[in-house]
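Remarks on the structure that follows.
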Amino acid sequence: MSITVASIAAAVTRADKAMGGLEQILNDADAKLGDGDTGGMLARVIGKMAEVDLSSTADPGAALSQLAKAATVATGSSLGTLFATGLLAAGREAKGRATLDVGDLSSLFATARDAMIARGGASLGDKTVLDSLDAIAEALKGAETPEQATRDAAKAASEALETFRSRPNRIGRARMFGDQTIGIDDPGMLAIKELSAAIAV
């Protein structure tokens with residue numbers, strides 16, 4: 001089973017639809033640790049991505065690159081910039097392939113994770129979106145169909161959120177709250193968990 005431009009476009013459409021109900025939830029989560037704008041930022045980013053016409057795009061790698069460019073235009077935030085960085089890195093890795101095998105997804109998520117680490121300076125274990133992507137990359141190693149991949153990704157993102165809830169945030173504005181962040185969901189990780197669930201088919 002393969003990942004195509006059409007399936008990527010469908011996933012973006014599902015994510016965009018989900019943001020209608022998630023925007024305020026994510027803003028509220030971010031307000032506990034930051035500026036309270038994560039939901040609004042992601043709504044803008046994903047909304048701009050959903051406007052991209054991928055119907056004549058040559059391959060999945062090119063599609064991811066186009067989505068990354070749209071994300072870059074829509075945000076000035078650090079999380080949004082990292083999101084675009086990860087998409088662009090994955091697009092470069094997939095460039096030129098007519099389709100992607102499900103078995104390629106783990107590597108693509110790992111590539112996005114590593115690019116985001118290099119750009120943002122956070123490390124695994126800091127209680128950020130990187131920990132969610134790392135969990136997803138690991139979970140996707142066993143996926144054999146697109147349906148299984150989306151379900152496994154959603155489960156991994158949910159489990160990562162649960163695991164890190166009991167730990168403190170170690171980077172970004174949230175780190176200033178120290179141990180007060182124990183028991184509080186990182187808004188980026190919460191976003192990945194909810195969007196992964198929305199994309200799952």
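Since the model is a prediction, treat every value here as computed from it, not as a measurement.
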On a heavy-atom basis, which atom in [X] and which in [Y] lie closest, and how many Å separate them?
X	Y	answer
V129	G188	CG2-O, 4.2 Å
L105	A149	CD1-CB, 3.9 Å
V45	A71	CG1-CB, 3.6 Å
P187	D30	CG-OD1, 3.5 Å
A63	T57	N-CG2, 3.5 Å
L130	S123	CD1-N, 4.5 Å

I'd like to know whether R167 forms a side-chain contact (heavy atoms from CB on, under 4.5 Å) with I182, so could you lay out the CA-CA distance, the side-chain angles of the two residues, the decisive distance to 0.1 Å, and finally the verdict. CA-CA 5 Å; R167 304 182 190 182; I182 294 174; 5.8 Å; no

Could you give me the CA-CA distance, side-chain angles and deciding distance for S132 and L161, then say whether side-chain contact (heavy atoms from CB on, under 4.5 Å) is met? CA-CA 7 Å; S132 297; L161 185 70; 6.0 Å; no

Would you indicate whether the side-chain heavy atoms of [Y] and [X] approach each other to under 4.5 Å?
X	Y	result
K95	R92	no
S107	E93	yes
R14	K17	no
E194	I25	no
M19	L26	yes
R119	L82	yes
D101	I3	no
L100	L108	yes

Got a salt bridge between D186 and K127, using NZ or NE/NH1/NH2 to carboxylate O under 4.0 Å? no

Do the charged groups of D59 and R97 touch, with an N to O distance under 4.0 Å? no

Distance, nearest 0.5 Å, that separates [atom1] of [X] from [atom2] of [Y]:
X	Y	atom1	atom2	result
T85	I117	OG1	CD1	12.5 Å
D126	F164	CG	CZ	9.0 Å
M49	T72	CE	OG1	10.0 Å
S196	R151	OG	CZ	14.0 Å
S77	D37	OG	CG	6.5 Å
T13	I8	OG1	CD1	12.0 Å

After noting the C-alpha distance and the side-chain angles of L124 and R113, does the key distance pass the side-chain contact (heavy atoms from CB on, under 4.5 Å) rule? CA-CA 9 Å; L124 294 178; R113 174 202 65 205; 4.1 Å; yes

Hydrophobic cluster identity match, [X] and [Y], side-chain contacts under 4.5 Å:
X	Y	value
L87	V5	yes
V12	L54	yes
V52	L64	yes

Donor on one side chain, acceptor on other, [X] and [Y], under 3.5 Å:
X	Y	answer
S55	D53	yes
E138	S106	no
T4	S2	no

Using atom types as modelled and distance alone, determine if a side-chain donor or acceptor of D152 lies under 3.5 Å from a backbone N or O of L140. no

Can a donor-acceptor pair be found, under 3.5 Å and without considering hydrogens, that links the side chain of S158 to the backbone of K155? no

Residue list, side chain to side chain contact (heavy atoms under 4.5 Å, CB included) with I184, at least two apart or on another chain: K32, L33

